[in-house]
Amino acid sequence: MTTTSLDPIAIDSQHVLQVYRRASVVFTSGRGCVLVSREGERYLDLLSGIGVASLGHAHPGLARALADQASTLLHTSNLFHHPLQSELALRLSEISGLPRAFFCNSGAEAVEACLKFARRYWRAAGRHERTQFVALEHSFHGRTMGSLSVTWDEHYRAPFAPLLSGVTFVPAEDAGAVTAAITSDTAAVIVEPIQGEGGVRPVPRATADAISAACRATGTLLIADEVQCGLGRTGRPFYGDALGLKPDLMALGKALGAGVPIGAALMSEKVASAVQPGDHGSTYGGNLLACRAALVFLDELISRGVMQNVARVGAYLEAGLRAMATRQPAIRDVRGAGLIWGLELDRPAAPVVQAALERKLLVNRTSDTVVRLLPPYIITEREVDEALPILEAAIVVATEASRT
Ligand code: PLP
């Protein structure tokens, strides 16, 4: 049965759980940085499905690889070996320096796995009481019970209380508070090197240094959540490198599958040696389709110049955004790196996002006052030139509307 004659928006309102506030647009195809609606209208996509469509839409090499994999073998479960998961683990260990990988299906699952492995590590060491976590204010780590417990914003957590106990949140700009919070009772500290959902906030270098020092002094494990800012998004493999962080565990997701769901928890041998067969698992985790997608992504990122494109076009985008900020007093701050940027406004960001959508440009709002840009890694300078005037017009229109 084909359902294309049915109205997806009407059916959604009747049959899909209403946890999303979706825009009233239905996308049916895409190419590169462009999405096409069912009415045939072209939208410039500076959001890439919240940082996921890293190679853009309908990437020819990825499409060929996925078609080939679908006609060869998709899934066998983790009861058996297949060659793509081991190859992917090897490639990830080469770029991260963390030798072991656990594969799952999303960022939240990757975080969840890191939290569990951190506790497993201390239990194996006989330190059963060492179960606490330290996280930063404005953090977002996912929506499973564990990842939600280390997510800062109360409005995500409160409806699902009680969550994990023993989580301490500290202000990211207060290095002294970070040092005080990490003690010999802390299992792990978890950090997004650039806080994405919390408003595109790079962690200050002094805080990163305090975390590194406190982890060394107390033996606390460090979990880097690179789900949003990692894997080339900033023009370097991992943004934690820029902050001098040396994580014991790392959570990955989003860009890794370039649109095919996959997550990974990477870890040091020290942590891995505490985890036993049966301790954790996932039916789908690291299946052939997802691993094939991730291998194509890494090949494009590392060997075919995509990371250099992020660095080059990212610098061009940054210059354009900073110039815009000098003309638009509503922009209070421009934060980010590479191809993750947040414009902090002096007012709610939602009207700007809506005005941009009406002008066929996709960006989104994160925390109340921040317009976020997460374009595909393959965006060109020409597309930046097309996008920025639209974004500026949206800011001007939204600003004028709020005055009247
Ligand atoms: N960690 C970070 C830093 C994220 O930005 C997100 C999602 O936005 C997650 C974890 C959760 O990832 P997912 O939505 O794939 O479960």
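Numbers here simply count residues along the sequence, with the first being 1. This is a predicted model, so every value here is computed, not measured. Counting starts at 1 for both ligands and their atoms, in listed order.
- Take R64 and apply the side-chain hydrogen bond (donor to acceptor under 3.5 Å, both in side chains) test, not counting sequence neighbours, and it matches no residue.
- Between F117 and H280, the two ring planes are perpendicular [angle over 60°; tilted spans 30° to 60°].
- At a heavy-atom cutoff of 4.0 Å, ligand 1 is surrounded by S106, G107, A108, F140, H141, G142, E192, E197, D225, V227, Q228, K254.
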Would you mind writing out the side-chain donor-acceptor pairs for residues 335-350 within the sub-3.5 Å range, not counting sequence neighbours?
from : atom 1 : to   : atom 2 : distance (Å)
R335 : NE     : V200 : O      : 2.8
R335 : NH1    : D333 : OD2    : 3.2
R335 : NH1    : E344 : OE1    : 3.1
R335 : NH2    : G199 : O      : 2.8
R335 : NH2    : E344 : OE1    : 2.8
W341 : NE1    : G338 : O      : 2.7
E344 : OE2    : T369 : OG1    : 2.6
R347 : NH1    : S402 : OG     : 2.6

Indicate every side-chain donor-acceptor pair of residues 157-167 with a distance under 3.5 Å to a residue at least two apart or in another chain.
from : atom 1 : to   : atom 2 : distance (Å)
R157 : NH1    : T151 : O      : 2.8
R157 : NH1    : W152 : O      : 2.4
R157 : NH2    : E154 : OE1    : 2.7

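- For K254 (side chain) and I50 (main-chain N/O), a donor-acceptor pair under 3.5 Å exists by modelled atom type.
- Of the charged side-chain nitrogens involved, at least one lies within less than 4.0 Å of a carboxylate oxygen, so that R312 and E381 count as a salt-bridged pair.
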